Amino acid sequence: MLRLSKTFAALVIAAPFVAAQSAVWGQCGGTGWTGPTTCAAGSTCAYSNDYYSRELCIVPCLRAHILTTSTWRKLRMHPRIATSTSTGSASLPSGTSTAKLNTLATGNGKVYFGSATDNPELTDTAYVAILSDNTMFGQITPGNSWKWDATEPTQGTFTFTAGDAILDLAQANGQLLRGHNCVWYNQLPSWVSSGTLSASELESAMVNHCTTLLTHYKGGTYSFDIVNEPFNDDGTWRTDVFYNELNTTYVPTVLTAARAADPSTKLYINEYNLEYASGKSASMLSLVKSLLADDVPLDGIGFQGHLIVGQVPTSIQSQMEAFTALGVEVAITELDIRMTLPATEALYEQQKTDYQNVIAACQAVDGCVGVTIWDYTDKYSWVPSTFSGQGAACPWDSNLVIKPAFDGIVAGMSA
Ligand code: G3I
């Protein structure tokens, strides 16, 4: 909630001009701030956020409206505030629904509707304000800061400062957390990925890493991606350092260690391209069967859901049901639906339909506990940096304005 610091604002108005000024919407004060504390003409310095002690240069006539989605629409129209048009969204339609996604999801029997986030984004107060609305997002996932390279860059030396900021945010907001992740071929520190550890050293390092990570966050997560992306698309095992040295045994070993470290969190294997029948989804089904038959602890399968506009499989519901029939829950864990840029009205409309269909698939499956979008805004999507010429994959545009895709999500939940 916005609170104008009256004393500070009065000081700013009375103070003589000093060398540096913050631009409209720039930071001008707050805990630890050493930059300029005066604002550009027409704006004043105001306290902006209860979670981060920051003060921003705000146009006075607008300050009462700050930090709501609808206000961002108003701010975009205000001539004093420059906004990015990186997706060319100015000429494209916005969403119209005023629904709150987590409220809708939980009202329809789901555990949460959530979003991924990442530490660098948490200095963006307008972004954090939307993320922190637990009627919109009842769950968050750390996009990077719980991964192995971030938490144990040097063997045996753990750093949880960035990871804890995500935990603190979720707890301050009253949101669930999905832990992400424990064992993955990517974003490994070189001491693991280089292959210089012997099999027994690697197994013990893996067990120590996951045990320490889950113990640190014990009781703090709803679920945790323990194994991420173990298969190639053709269903063969991914030949990463874990498979190469430990064969398939690394999966039951790390799941067992995870259960021992935090018996309260749901243990997931998370994978992309499970949304249609393929060698990969067949191998995942076989793995789940065999782990459960061996009494290995496993609670859920994550369907990542990195999809393409106009190419969303119609088989998502049946694919989920194939897993829930085995006795595990499922979740859509990293949903985004990308398009080839530039975005057009037609692509936005197709994206709306696509989002609706994915959400409706989860809605139709009792064992699908929730959907997490892989960040809610195009401003912070991973897509453009990975898929050249593609983007606009999220339900909020890069100006934090809802797109027709948002209305599609609402429609999918109401199906
Ligand atoms: O940490 C370094 C930083 O030190 C450096 O200055 C900066 C310069 O580019 O790079 C930083 O690392 C980046 C990292 O994100 C943290 O920001 C990497 O370059 C970048 O490649 C990495 O991208 C992440 C990607 O996983 C890596 O594969 C994305 O943000 C993250 O959203 C994405 O998430 C994955 C899920 O974990 C698993 N499923 C697929 C999904 C999308 O790829």
Side-chain angles (χ1 to χ4, degrees), residues 114-124 127 131 137 139-154 157-166 169 177-193 209-210 213 217 221 223-233 238 240-242 251 254 267-275 280-281 284 300-308 330-339 358 370-396 398:
S115 173
T117 189
D118 203 0
N119 297 73
E121 305 158 22
L122 301 183
T123 57
D124 179 340
Y127 166 86
L131 180 74
F137 302 113
Q139 173 272 322
I140 58 178
T141 305
N144 282 303
S145 56
W146 289 23
K147 290 172 179 172
W148 199 324
D149 62 348
T151 51
E152 194 187 3
T154 304
T157 303
F158 287 83
T159 58
F160 291 117
T161 309
D164 288 355
I166 307 288
L169 181 64
L177 266 175
R178 294 197 77 260
H180 180 83
N181 59 55
C182 205
V183 172
W184 187 27
Y185 76 91
N186 202 357
Q187 289 177 284
L188 287 173
S190 57
W191 66 267
V192 179
S193 59
H209 176 75
C210 294
L213 183 66
Y217 291 115
T221 58
S223 59
F224 215 117
D225 295 328
I226 303 302
V227 177
N228 199 39
E229 303 174 4
F231 291 115
N232 297 311
D233 281 344
R238 189 185 288 279
D240 57 18
V241 67
F242 305 104
V251 174
V254 75
L267 307 180
Y268 270 62
I269 301 176
N270 192 42
E271 185 58 276
Y272 61 88
N273 289 349
L274 295 179
E275 295 82 15
K280 178 183 271 187
S281 58
M284 189 65 86
I301 295 297
F303 282 52
Q304 290 188 3
H306 294 297
L307 302 171
I308 300 172
V330 295
I332 297 176
T333 53
E334 304 185 11
L335 179 62
D336 49 29
I337 311 182
R338 62 186 183 267
M339 61 183 71
V358 176
V371 176
T372 306
I373 45 182
W374 204 243
D375 226 317
Y376 72 84
T377 165
D378 294 333
K379 189 172 183 180
Y380 298 120
S381 172
W382 68 290
V383 169
S385 61
T386 302
F387 298 101
S388 179
Q390 296 184 53
C394 302
W396 275 254
S398 57

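Read the numbers this way: they start at 1 and go in the same order the structure lists the ligands and their atoms. One-based numbering along the sequence shown. Remember, predicted model here, so these are calculated numbers, not experimental data.
Here the options are N232, V227, N228, the test is side chain to side chain contact (heavy atoms under 4.5 Å, CB included), and the partner is P230; only V227 passes.
Near ligand 1, residues N144, K147, H180, W184, N186, Q187, N228, E229, Q304, H306, E334, W374, W382 come within 4.0 angstrom through at least one heavy atom.
For W396 and F137, the gap between ring centers is short of 6.0 Å.
With contacts defined as side-chain heavy-atom distances shorter than 4.5 Å, the pair T117/P142 does not qualify.
Residues Y380 and E121 bring no donor and acceptor atom of their side chains to less than 3.5 Å of each other. Checking E229 against N181 by side-chain atom types alone, no donor-acceptor pair falls below 3.5 Å.
In this structure, D225 CG and K147 NZ are separated by 10.0 Å, a value rounded to the nearest 0.5 Å.
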